[in-house]
Amino acid sequence: MAKYQADVQALLDAIGGKENIRAVTHCMTRMRFVLVDPDKADAKKIESISAVKGTFTQAGQFQVIIGNDVAIFYNEFTAYAGIEGVSKDAVKAAAKSNQSIIQRAVGTLGEIFAPIIPALICGGLILGFRNIIGEINFFENGTQSLSDVSQFWAGVYNFLWLIGEAVFHMLPVGIVWSITRKMGTTQILGIILGLTLVSPQLLNGFSVATAEEIPVWDFGFAQVQMIGYQGQVIAAMLAGFVLVYLERFFKKICPEVISMIIVPFFSLVPAVIIAHTIVGPIGWTIGNGIASVVYAGLTSNVKWLFAAAFGFLYAPIVMTGLHHMTNAIDSQLVNLYEGTILWPMIALSNIAQGSAVLAMSVLQKKDERAQQVNVPACISCYLGVTEPALFGVNMKYGFPLVCGMIGSAAAAVISIGTGVEAYSIGVGGLPGILSIKPQFWINFLLAMAVAIVVPFILTFLVGKRKLGIAAAEAPAAAEAEVPAAAPAAAPAAAQGPVDVKSPLTGRIIPLEEIPDQVFSQGVLGDGVGIEPTGNVVLAPADAEVSTVMEDSGHACGLVLANGMELLIHVGMDTVAMGGDGFQLHVKAGDRVRLGDKLITFDPEKIRKAGHPTTTAFVIVEPADQTYRLITGIDAEAAQTTVIAQE
């Protein structure tokens, strides 16, 4: 008899039957469905099935969390349902059909901008620092800046523009490269196309408005303006997609034997021509139009309404991933108006959500387990990274999220009402003031004060009512130590408690900081996260390999002699990489000793694929063992204890 026969039958019925399944596959912990009609899936009924640990929908996939036995469950499910599983790439492709055009467009935009964000943040900080040393007149009765009175700082001021210019003026190069990378075409061709958009032979795009005469290429029958697209976002994106689809077309029709010659030439040359004659001017017009509309709304007579709506809704927008589109708008505003009034409101929203978490930290000051989430989430939020706060705390309780949204709206109204403007995108959060133009520092500080005080007070007051004084101040029922269940008779061969080492070299973080809701919420079990500095996963103890992901090589399960079951999952959503960058050294059924090699992986490939390298190390089954988790340390693989059994 099948192990999960009853559960499989119940799942098929609750998910809407065989006819509602368009595609299905599985990863290390979850069944991944693409459904014909997602509304037919009864999530509550599915979550009541004993083998199911939870459900959620992401990127068009309905995911059912099973745990380490997912491979067995999947095989029984597909056999019973009479359907064939498909590859993860096929499921991903099918899932896109469940997304609207807007969702797919925003998703693509986010994937394009994700690799560029670090450069934009770095550039914003550099402009902010240049602003401090070269634009603020601290000396000679407010008439001279630091760079005016010091040759050294004058040199620093001029030197740093080397990076600022590369980031913002040469932005089209990064955009076109990122598009070719995301679409899987030749990246060097993207870089070359991007360089043609910002060539020094062209009139700098920032100088077009003030130029007395625009040079042209004269072909006799036609003239083409020699305009550069420095800082332009939409024009660069359109040019990038022209190149991508030209290359795909010629690859399809060109014989393999001559493709190395034909494809690059007939892709790049027409793409450059089209970029400068058609899509460049169109993109310039569209980009300026979008930025002008946003700017007009935020400088109109009802600008306070626009600001309040944006400030209130930005945090929920972050949770949907739609916030990536603001990067393009911000970049366009910087290009068109030499600054952005949108970005300061984003920084204020981050601060407001962090302040809501700060209030929760005060309310739960004696709850050590809650503080393991609250404190790092608050710090990261104040530094501009909101996901741990949003998903780990504020959305979990609900009211802190709303209180943060209210505070953000109030701060946004002050920001827009007083004309706060930033030089560019910067570090969202408290350090964001470095990117604010100096004449607006006082105004921004006032808005920051509102973003800190209002959410804190609202969250504290509402939290006292909702949580209750006793709940808010009571110590955690379970601190770092997890009590064992009533002990069952141990098998004669069973081993006693053993210390479990870290499987990876890196920083050990609380489970709640893992950027994946299934792991961070403890759905699969207790454990820790690891921010790896090494790239080899070693056996954390003597164990038997219970399960592996042979096709993707990104995860494996272990069973210790005392019955404790562990899961090691390298990176988040790395199953989508299909094994690229991973090498599995073991198979199911192998017995390993402490320190034996399990998985080798390439962290850079994971990052380039757009996935976090954060690794989950989870106790799937404690097997009546009492243990203590050790976090906040730098660990050596197979040497540093992270799960101390007692």
Side-chain angles (χ1 to χ4, degrees), residues 105 108-109 111-113 115-116 119-120 165-209 211 213-256 258-291 328 331-332 334-336:
T108 299
L109 188 63
E111 290 177 30
I112 290 170
F113 266 91
I116 305 173
L120 293 175
E165 181 183 42
V167 172
F168 295 105
H169 282 215
M170 309 302 174
L171 182 60
V173 180
I175 290 174
V176 181
W177 159 77
S178 186
I179 288 172
T180 55
R181 171 183 172 275
K182 186 248 180 298
M183 304 300 284
T185 55
T186 307
Q187 295 177 29
I188 186 61
L189 296 182
I191 292 171
I192 293 170
L193 174 58
L195 288 170
T196 70
L197 297 175
V198 295
S199 169
Q201 294 185 35
L202 309 175
L203 177 65
N204 190 302
F206 290 101
S207 304
V208 170
E213 183 180 355
I214 298 176
V216 297
W217 287 291
D218 193 339
F219 296 96
F221 65 92
Q223 292 183 337
V224 177
Q225 291 184 327
M226 298 173 64
I227 295 176
Y229 292 90
Q230 286 82 356
Q232 286 286 334
V233 176
I234 306 297
M237 291 178 64
L238 292 176
F241 281 111
V242 167
L243 175 64
V244 164
Y245 287 109
L246 281 172
E247 183 175 349
R248 286 182 172 180
F249 172 75
F250 286 110
K251 274 185 176 179
K252 187 181 295 184
I253 66 171
C254 182
E256 185 69 28
I258 57 172
S259 64
M260 183 64 73
I261 301 170
I262 300 298
V263 173
F265 183 84
F266 284 96
S267 301
L268 182 61
V269 174
V272 173
I273 295 171
I274 293 170
H276 285 277
T277 59
I278 301 174
V279 301
I282 291 173
W284 185 296
T285 302
I286 293 173
N288 287 356
I290 293 173
S331 298
Q332 201 67 36
V334 171
N335 174 47
L336 197 59

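Note: hydrogens, waters and symmetry copies are ignored here, and every other heavy atom, side chains too, is used. The structure displayed is predicted, hence computed values, not measured ones.
Phe219 meets the side-chain contact (heavy atoms from CB on, under 4.5 Å) test with Trp217, Phe221, Val224; sequence neighbours excluded. Listed by chain and residue number, Val257, Ile258 satisfy the side-chain contact (heavy atoms from CB on, under 4.5 Å) test with Pro255 (two or more places apart in sequence, or in another chain).
Nearest approach of Ser259 to Cys254, heavy atoms of both residues: CA-SG, 3.6 Å. Residues Leu189 and Pro264 share a closest heavy-atom pair of CD1-CA, 4.0 Å. In this structure, Ala166 and Met170 approach most closely via the heavy-atom pair O-CB, 3.0 Å. Closest approach of Leu197 and Ala239 over heavy atoms only: CD1-CB, 4.2 Å. Taking all atoms of both residues into account, the shortest heavy-atom contact from Pro281 to Ala275 is CD-O, 3.9 Å.
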Exercise for review: Decide side-chain contact (heavy atoms from CB on, under 4.5 Å) for Val244 and Ile179; before the verdict, give the C-alpha distance in whole Å, the side-chain angles of both, and the deciding distance to 0.1 Å.
Suggested key: CA-CA 8 Å; Val244 164; Ile179 288 172; 3.8 Å; yes

Review point. Are Leu202 and Gln230 close enough, and set up right, to give a side-chain contact (heavy atoms from CB on, under 4.5 Å), and what steps lead you there?
Key: CA-CA 10 Å; Leu202 309 175; Gln230 286 82 356; 5.6 Å; no

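The shortest side-chain heavy-atom distance between Thr180 and Thr186 does not fall under the 4.5 Å cut-off. Ile214 places a side-chain heavy atom less than 4.5 Å from the side chain of Ile227.
Atom OG1 of Thr285 is separated from atom CD1 of Ile234 by 11.5 Å, given to the nearest 0.5 angstrom. Interatomic distance, Tyr229 OH to Thr196 OG1, rounded to the nearest 0.5 Å: 10.0 Å. With values rounded to the nearest 0.5 angstrom, Ile175 atom CD1 is found 11.5 Å from Leu193 atom CG. The distance from the CZ atom of Phe249 to the CZ atom of Phe266 is 11.5 Å, given to the nearest 0.5 Å. Going from atom CG of Leu203 over to atom CE of Met226 covers 9.0 Å, rounded to the nearest 0.5 Å.
Between the side chain of Ser178 and the main chain of Gly174, no donor-acceptor pair closer than 3.5 Å is present. Using a distance-only test at 3.5 Å, with no hydrogens or angles considered, no donor-acceptor pair links the side chain of His169 to the main chain of Val198.
Annotation: salt bridge (Lys or Arg N to Asp or Glu O under 4.0 Å) contacts involving residues 224-250, sequence neighbours excluded, comprise Glu247-Lys251.
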